[in-house]
Amino acid sequence: QVQLVESGGGLVQPGGSLRLSCAASGFTFSSYVMNWYRQAPGKERELAATISITGDSTYSVDGVKGRFIISRDNAKNMVYLQMNSLKPEDTAVYYCRAVSTSSWPPRVYWGQGTQVTVSS
């Protein structure tokens with residue numbers, strides 16, 4: 001069974017840091033681009049960061065660039081999101097997403113999400 005299980009969310013004060021983890025199983029992790037998405041209350045789900053299959057290339061959106069770092073460990077089937085200098089507007093449910101690049105339509109898998117709340 002395909003599984004993407006996020007962990008590491010919680011309550012953190014503004015300016016603090018949090019590290020999210022996503023454990024993948026049931027598919028060939030090293031053949032998938034990995035993303036972190038987030039969805040704030042009342043807002044559309046949006047991409048936060050993405051990482052290439054090998055981890056050689058990363059991208060993050062302007063709102064988190066310089067604060068969030070996405071990484072992966074293909075040997076452990078894990079993807080991470082290091083979040084620094086957190087702001088209240090970062091409050092959202094964060095989702096791990098896997099996307100194939102070798103098939104059409106691409107296969108897409110989502111995790112269940114983990115809540116991040118930034119508040120004093």
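Heads up: numbering here begins at 1 and tracks the sequence.
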Quiz item: Could you give all pairs that pass the disulfide bond (SG atoms under 2.5 Å apart) test and reach residues 17-109, with sequence neighbours left out?
Solution: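 As it turns out, the disulfide bond (SG atoms under 2.5 Å apart) pairs with a partner in residues 17-109, which skip direct neighbours, are Cys22-Cys96.
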
Quiz item: If two hydrophobic side chains count as joined below 4.5 Å and joins carry through other members, does Val5 share a cluster with Val2?
Solution: no

Practice problem: Flag yes if Met83 and Leu11 sit in one hydrophobic cluster, no otherwise; membership is Ile, Leu, Val, Met, Phe, Trp, Tyr, and two members link when side-chain heavy atoms are under 4.5 Å apart. | Solution: no

Measure the shortest side-chain to side-chain distance between [X] and [Y] over non-hydrogen atoms and say whether it is less than 4.5 angstrom.
X: Ile69; Y: Leu81; result: no
X: Pro88; Y: Ser119; result: no
X: Tyr59; Y: Ile70; result: no
X: Asn35; Y: Tyr95; result: no

Quiz prompt | Co-members of the apolar cluster containing Tyr80 [side chain, <4.5 Å] | solution = Met78

Quiz prompt | Side-chain cluster (under 4.5 Å, hydrophobic types only) that Ile53 belongs to, other residues | solution =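 Via sub-4.5 Å side-chain contacts, Ile53 links to Val33.
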
Exercise. Working to the nearest 0.5 Å, report the span between OG of Ser57 and CD1 of Ile51.
Key: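 Reported value, rounded in 0.5 Å steps: 8.5 Å.
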
Test of understanding: with salt bridge (charged side-chain N to carboxylate O under 4.0 Å, His left out), list the residues that count as partners of [X], not counting sequence neighbours.
X: Arg72; result: none
X: Arg67; result: Asp90
X: Lys65; result: Asp62
X: Glu89; result: none

Quick one: does any side-chain atom of [X] pair with a main-chain N or O of [Y] as donor and acceptor, under 3.5 Å?
X: Thr58; Y: Thr50; value: no
X: Gln82; Y: Phe68; value: no
X: Glu6; Y: Gln112; value: yes
X: Ser60; Y: Ala49; value: no

Quiz item: So which pairs with a foot in residues 96-120 pass ring-ring contact (aromatic ring centres under 6.0 Å, His included), sequence neighbours left out?
Solution: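 Every ring-ring contact (aromatic ring centres under 6.0 Å, His included) pair that includes a residue of residues 96-120, provided the two are not neighbours, is Phe27-Tyr109, Tyr32-Tyr109, Tyr37-Trp110.
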
What are the two closest heavy atoms between [X] and [Y], and how far apart are they?
X: Pro14; Y: Ser120; result: CD-N, 3.7 Å
X: Thr91; Y: Ala40; result: O-CB, 3.5 Å
X: Pro106; Y: Val99; result: CB-CG1, 4.1 Å
X: Val61; Y: Leu47; result: CG1-O, 3.1 Å
X: Phe29; Y: Asn74; result: CE2-OD1, 3.1 Å

Applying side chain to side chain donor-acceptor pair (under 3.5 Å), can you list everything that pairs with [X], at least two apart in sequence or on another chain?
X: Thr114; result: none
X: Tyr94; result: Arg38
X: Thr54; result: Asp56

Practice problem: Write out all pairs satisfying side-chain hydrogen bond (donor to acceptor under 3.5 Å, both in side chains) with one or both partners inside residues 10-31, taking only residues at least two apart or from two chains. | Solution: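 Checked against side-chain hydrogen bond (donor to acceptor under 3.5 Å, both in side chains) - neighbours excluded - the pairs reaching residues 10-31 are Ser17-Asn84.
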
Quiz item: Do other residues, nucleotides or ligands put more than 12 heavy atoms under 6.0 Å from the CZ atom of Arg107?
Solution: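 No, not enclosed.
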
